Amino acid sequence: MPITPVAERTWAAVTPASTYLFGVETGADAGTDVRVVQWYWGPRLPEAALAEAARFPIPRQETGFLDPRDVDELLPVDGGRRWGVPSLQAVYEGGVRSVELSYVEAVTGPGEIELVLRDEAYGLRVGLHVRCAEDTDVVERWVTVANEGAAPVRFGRLDSGSWVLPERPAHRCTGVFGAWGRETQLQRTGLPVGETTFTSRTGTTGHRANPWIMIDAGDATEESGEVWTVALAWSGSWRLTAQHRSEGDVAVTCGSGHDGPHAHLAPGERLRTPSALGLYADGGYGAASRAWHAYTRGHVLPAPDEERPVLYNSWEATGFDVSEAGQLELAARAAGLGAELFVVDDGWFGTRDRDSRGLGDWWPSPGRFPDGLTRLFDGVRALGMVPGLWVEPEMVNPDSDLYRARPDWVLHHPGRRRDTMRNQLVLNFARTDVREWAIGWLDGLVGEYHLAYLKWDMNRSFSQAGWPEAGERADMLWIEHTDGVHAVMDELRRRRPGLRIESCSGGGGRVDLAVLRRTDLVWTSDNTDARDRQTIQHGFSYLYPAGTMSAWVTDSPNPHTRRRVPLRYRFHVAMAGILGIGGNLTAWSAEELAEAAGLVAAYKAIRPVVQHGRLYRLAGTPGLTASAVQYVLDDRVVVLAYNPFTLDGRPPRRLRLAGLDPEAVYEVVTSEAATTAPVGSRWHGRTLTAHGLILPSWLPNGPDYRSELLELRRVGTP
Ligand code: GLA
């Protein structure tokens, strides 16, 4: 049983490699100021040890200015003698604050438990939920609140839960920051005493940060050490605060919403927060990432076992200049390369020949496609590819039939400007009529054209985010817009089970474990420069599996950076995820097309290993020094090695592999190292991991941008 009762009002979530121990503290004033505390989170304890770990609470200090240890709580409230970061902050009728919870009961189900608490005076029921499964070290937590009182309750903060880090001599945190074109930049720093907040206020997951953190004792490496990590499964605004108190305690609380807007609960209403996920891993950042990947594949993605097709997308080739003839010309070339999915990007609908008009009018452009898209997509199918389309359902240009008809559908405050970004406004998906409209046309479009794929884009942040019709619950749009987007995606998938969806938001602005529950892959970044992409993909890989990471090969010089990178290098970088092609193929030479076709075929051969295998970040600083990523699936081992700049012999020079059976023998099946690791050569797992191989791309004094693909297969034990 993954959730085990341990002692009175004490339970353990027991995962394959970790234990998460929590319970209701039965102190002197536990009746009116209950504390549900985390007793322990770390390596799995023997069953017999569970009770002893929950035996002696650290004594509370209630004199002088010393804080009580509210940092240990699963959901520290704003109330009573607590001065830490609140996870729950309620404002009752008449401006009353200071939540006072008492314990009601524990409700258990298979693999999960709800601890029910209640603020009796105001009728607020609070459920703390903990769930885990047999095959993952991820512990899932969320909170439900129900207003059983007579007046509305507002929430300043309504987090999914707080996670306590065990005492260690030091604490260091790892996360990602970013911007458009520069998503998921890894950042690792000592955790300062104070409150470190990562947040998005944009209404989306955002580019600036991603909702996860890893904390270690300052001693973890890629391959070793303990790592505690927390992620929030949410696609709207969010906030994650790592609190390092002067007493030494460290806790991480996270939830949807940012400072400012208040969630609102009318009498009789209830609300479930998004899930916060906690994971303990011993085995360094690499093990933590692989555990997240396995969890995402096993418990999040709707269709994790499928192989994602090689896509062609016309955006970088044509921009808004979309025509049937132009698309078919590109399609013919894409099919010649081995592409399996052809996606028509922005510019196919309404009056959309530039970014200032047409968004919201989701019918084929009468000027460009007077007979609809059937002929184009029949042509795509005749070339052996399946069709896909770009859509941006949450957006409208003021210059559109939709906006002229429904100006009230956008986020707005009366008497305030409606600021546009990229000439567009945000449709309020908290409204049921907007959701119904969206599901109607999306379903119609997918049905009419038998679409296999939608790229669901979202190209601006919220501003003037009002919802006048909703009155005092207007701020709920910050939650309910995201709920609405999720609900439309869910309903679309229910109606069209064969449809696959890519999540995009001006590049990688909507990458999270909630959107991945209803999409199949994410657009990682609009920056398709291979060298920049290596850095972005490196940060991406900390949480998200390669089988969700959409990566295109585009033109050289790159349209964004003007950097020239050889075709092979561009392919090898994109082959580290879900390969796509986004270049202007009409400008590629016959030699380039032939080389590309060979690389697409090579990708298809390794695709299951890359998309479904275990990922190892082997060495170097991707994009800056020699580096390599490795994937292992069953007996197959694939390595992609890179060297962007000649480094005059600075290490690494030997490539040491990881994740192999040290006793087994591996045979090289694909290699460009004719002398040092030729095809057919056999190596012991131990030699490969402890000593390593010499690869041509890593040798000094060669040209810039060398890369190579190496594949080995386990052939048995000696
Ligand atoms: C966003 C996406 C791009 C492309 C354009 C189309 O920027 O990230 O990939 O789809 O929109 O307008």
Side-chain angles (χ1 to χ4, degrees), residues 178-184 202-208 210 235 311-323 326-327 330 341-362 365 368 387-397 399-400 420-427 445 451 453-461 485 500-512 515 519-529 532-533 536-537 540 548-555 558-561 574 577-584:
W180 177 84
R182 221 157 49 85
E183 292 86 342
T184 51
T202 59
T204 60
T205 326
H207 295 78
R208 291 211 172 123
N210 198 264
S235 315
L311 147 161
Y312 178 81
N313 178 302
S314 60
W315 173 247
E316 285 200 16
T318 65
F320 290 104
D321 193 9
V322 177
S323 69
Q327 293 291 305
L330 288 165
L341 163 66
F342 185 85
V343 180
V344 179
D345 209 280
D346 201 348
W348 60 267
F349 52 91
T351 53
R352 184 78 168 175
D353 56 2
R354 66 198 72 171
D355 69 11
S356 60
R357 60 191 199 188
L359 268 181
D361 299 342
W362 297 106
S365 157
R368 295 166 165 195
L389 264 187
W390 178 94
V391 292
E392 196 178 7
E394 297 151 82
M395 293 295 153
V396 65
N397 287 127
D399 185 358
S400 64
T420 57
M421 282 174 68
R422 210 190 187 209
N423 304 302
Q424 60 200 54
L425 296 165
V426 183
L427 292 171
L445 200 61
L451 297 176
Y453 191 91
L454 287 178
K455 175 177 171 186
W456 181 306
D457 209 339
M458 199 294 186
N459 275 318
R460 66 156 289 179
S461 307
V485 169
R500 297 295 169 257
I501 304 177
E502 174 179 9
S503 166
C504 174
S505 178
R510 195 182 261 162
V511 178
D512 58 76
V515 88
T519 58
D520 303 282
L521 67 166
V522 289
W523 181 225
T524 320
S525 176
D526 280 343
N527 185 345
T528 55
D529 175 297
D532 288 356
R533 261 307 178 100
I536 294 167
Q537 294 181 179
F540 183 97
T548 63
M549 185 177 76
S550 180
W552 302 349
V553 175
T554 59
D555 295 336
N558 183 275
H560 300 292
T561 63
I578 302 168
L579 176 67
I581 298 160
N584 182 7

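In listed order, ligands and their atoms are each counted from 1. Reckoned from all heavy atoms, side chains included, excluding hydrogens, waters and symmetry mates. Bear in mind that the values here come from a model prediction, so they are computed numbers and not experimental data.
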Requested in this report: Measure from the side-chain N and O atoms of Asp520 to the backbone N and O of Ile501, and report whether any donor-acceptor pair falls under 3.5 Å.
Outcome: yes
Query - Result of checking Glu502, Glu183, Glu394 against Arg510 for salt bridge (Lys or Arg N to Asp or Glu O under 4.0 Å) - result: Glu394
Show the short N or O contacts, below 3.5 Å, that ligand 1 makes with protein N or O atoms; if there are none, say 'none'.
unit_1: ligand 1; atom_1: 7 (O); unit_2: Asp526; atom_2: OD2; d: 3.0
unit_1: ligand 1; atom_1: 8 (O); unit_2: Gly507; atom_2: N; d: 3.0
unit_1: ligand 1; atom_1: 8 (O); unit_2: Asp526; atom_2: OD1; d: 2.5
unit_1: ligand 1; atom_1: 8 (O); unit_2: Asp526; atom_2: OD2; d: 3.1
unit_1: ligand 1; atom_1: 9 (O); unit_2: Lys455; atom_2: NZ; d: 2.7
unit_1: ligand 1; atom_1: 9 (O); unit_2: Asp526; atom_2: OD1; d: 3.3
unit_1: ligand 1; atom_1: 10 (O); unit_2: Asp345; atom_2: OD1; d: 2.7
unit_1: ligand 1; atom_1: 10 (O); unit_2: Asp345; atom_2: OD2; d: 3.3
unit_1: ligand 1; atom_1: 10 (O); unit_2: Trp390; atom_2: NE1; d: 3.0
unit_1: ligand 1; atom_1: 10 (O); unit_2: Lys455; atom_2: NZ; d: 3.0
unit_1: ligand 1; atom_1: 10 (O); unit_2: Asp457; atom_2: OD2; d: 3.4
unit_1: ligand 1; atom_1: 11 (O); unit_2: Asp457; atom_2: OD2; d: 2.9
unit_1: ligand 1; atom_1: 11 (O); unit_2: Asn459; atom_2: ND2; d: 3.1
unit_1: ligand 1; atom_1: 12 (O); unit_2: Asp346; atom_2: OD2; d: 2.6
unit_1: ligand 1; atom_1: 12 (O); unit_2: Arg422; atom_2: NH1; d: 2.9
unit_1: ligand 1; atom_1: 12 (O); unit_2: Arg422; atom_2: NH2; d: 2.9

Query raised in the report: How would you list, by chain and number, every residue that makes a ring pair (Phe, Tyr, Trp, His ring centres under 6.0 Å) with Trp523, sequence neighbours excluded?
Result: Trp552
**Report entry** Set of residues satisfying side-chain hydrogen bond (donor to acceptor under 3.5 Å, both in side chains) with respect to Asp345, sequence neighbours excluded
**Finding:** Asn313, Lys455
Requested in this report: Would you check if Trp362 and Glu392 make a side-chain contact, meaning some heavy-atom pair closer than 4.5 Å?
Outcome: yes
Query - Residues that Tyr453 engages under ring pair (Phe, Tyr, Trp, His ring centres under 6.0 Å), provided they are two or more places apart - result: none
